[in-house]
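Just below is one structure, and these are the notes that go with it.
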Amino acid sequence: MSNRIVIFDTTLRDGEQCPGASMNIREKMEVAHQLAELGVDVIEAGFPVISDGDFDAVTRIATEVKGPAICGLARCVPGDIDAAGAAVKAAGDRGRIHVFLATSKIHRDFKLKKANEEILRMAVEGVTRARGLVKDVEFSPEDASRTEPEFLAQITQAVIAAGAKTVNIPDTVGYATPDQFGSLIRYLFDNVKNIDDAIISVHCHNDLGLAVANSLAAIQAGARQVEGTINGIGERAGNAALEEVIMALQTRPDIYPELASNIRHAEIVKTSRLVSRMSSFLIQRNKAIVGENAFAHSAGIHQDGILKKRETYEIMDPKLIGWGETELPLTKHSGRHAVVIRLKHLGYHLSDAEIDSIFKRFKDIGDRKKFVYDDDLAALVDDAMDRDHEVYALDYMHVTTGTSMIPTATVRLKRGEETFEDSSPGNGAVDAAMKCIDRLLDKRGHLAEYQVMAATGGKDALGEVTIKVDFGIGEVITGRGASTDVIEASARAYLNAVNRVIFMEAQAAARPASHPRVEVESTV
Ligand code: KIV
Ligand code: ZN
């Protein structure tokens, strides 16, 4: 059995699929480039048939991101498989199609309404069709952990014979426990005759908080591909957090002897932060490996022990995973080159136009605050990166507010050379600014979530506002904005969300009627 663990990242598919973590194509590209820097072996870049956006994202990632295999997900139906094949084509031999079909009795009886023989036939046909398009095909029997082991073994054997190079065993609903899941993998090794012709993979969800434990149990039982997401984002309680699996393997060679992956551990923290920013999904402070508190020692006894010998209370060296890399802050005197170097260091791949726009905002902020830290800069990037979607820009804003007056906002927006200006009262300064934007652009957004965070410490810190807005279009839109003034940051965030909606509406209007969005009724 090989000692190499294949790291399969599904942040951009299963991770992005969870409510509140959706990313636009620009954000997905940043994440994909950084995943390649991290050294993952496979990037599952999306579910191409599900929307034009997913198709385009998979195609662009397959075209531009070098290194990892690029994978597209497909149900076991010809249209899905062909779309996935077309989307990963640009990756050449690095293109992978991941076909899935539910196999558990509950899914067979109630969701698919199909007998075992038909499921078996569809799985084999799906894999055969995918093999006609790419060499690298993965098959997943969805809800494998609740599938009868005999049937699971039968279908695994059949899809390997049909050409699947990887068979992934998903714990789709996070039902498994480590001992049981490990035994299931062992059962497959004992009962599938051709199992050595494929890599056995695992894909665990975290409904019982066991996704990482189950993944590790499967690895001990012989699985050699592990699927998960950065920061554990994903459907419901999320997927196995890849950084946790990777660091468990790295920290406990006594338990997982000689297992090697291609991961560059020093990129872990950078990747985690980038994913958090791009998905607007915050990392809990006490999250293992990448949370703010993961290496913070507050108890006096612990601090004393650490000073005497780090290993007394630290089982991993935080520097090895990229903690503590902050450099000297920039100031308003820093030049473009210094800013470019910091941006690269933060993991961004930006165009010249984006850098110009960030540099301009950096100079504005530099006038307002003494030091511009990495986190300030990252907040500015989020603000500037969405320019593709920017139809209207904030040109000017003035807000009057106080304890004994009606808050009123005056906002001027720009579209090209045209300007639009109006005023609105509101129930607070933020409300007034957002209502004014609504008036100007004839929109009615309902604020579903509002978060404000200081990018760094200090009273002059940049305030980063992340909002979720419901415009009644069937999906909640995320908007982000940053400024040393939180009212301005809120207005920027709201305008960012409005711009996204306007962009989406324009795209939908331009889409040919023959290319409708596909409704995928299966839970994946
Ligand atoms: O959770 C799941 O079963 C999936 C499959 C598509 C692998 O995401
Ligand atoms: Zn999943």
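Whatever order the structure lists them in is the order used to number ligands and atoms, beginning at 1. For clarity, every value in this text was computed on a predicted model and none was experimentally measured.
Side-chain N/O atoms of T229 and N239 include no donor and acceptor closer than 3.5 Å. Side chains of Q451 and T466: a donor-acceptor N/O pair is absent below 3.5 angstrom, by distance only. Between the side chains of T172 and D143, no donor N or O sits under 3.5 Å from an acceptor N or O.
Close approach of ligand 1 to S140 is summarised as follows: ligand atoms under 4.0 Å from at least one heavy atom of the residue are 7 (C). Short contacts between ligand 1 and E142, defined as distances under 4.0 Å to a heavy atom of the residue, involve ligand atoms 3 (O). Atoms of ligand 1 found under 4.0 Å from any heavy atom of T172 (numbered from 1 in listed order, with element): 1 (O), 2 (C), 3 (O).
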Exercise. Begin with the C-alpha distance, continue with both residues' side-chain angles, and end with the deciding distance and a verdict on side chain to side chain contact (heavy atoms under 4.5 Å, CB included) for L346 and R273.
Key: CA-CA 9 Å; L346 288 169; R273 295 192 150 208; over 6 Å; no
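The side chain of D14, and not its backbone, has at least one atom closer than 4.0 Å to an atom of ligand 1 (non-hydrogen atoms only; side chain from C-beta on). Under 4.0 Å from ligand 1, the heavy atoms of H98 that appear belong solely to its side chain. Contacts with ligand 1 closer than 4.0 Å are made by no heavy atom of E138, backbone or side chain. Contacts between H205 and ligand 1, counted as non-hydrogen atom pairs separated by less than 4.0 Å, involve the side chain only.
A salt bridge does not link E30 with R277: every distance from a Lys NZ or Arg NE/NH1/NH2 to an Asp or Glu carboxylate oxygen is 4.0 Å or more.
Distances from ligand 1 to the non-hydrogen atoms of R13 include at least one value under 4.0 Å.
Checked by atom type and distance alone, the side chain of Q34 never pairs as donor or acceptor with a backbone atom of Y348 at under 3.5 Å.
Note on D14: counted as a metal contact of the Zn ion (ligand 2), an N/O/S atom lying under 2.8 Å.
Using cut-offs of 30° and 60° for the angle between ring planes, the H203 and H205 rings count as tilted.
At the Zn ion (ligand 2), the angle from NE2 in H203 to NE2 in H205 is 100° when rounded to 10°.
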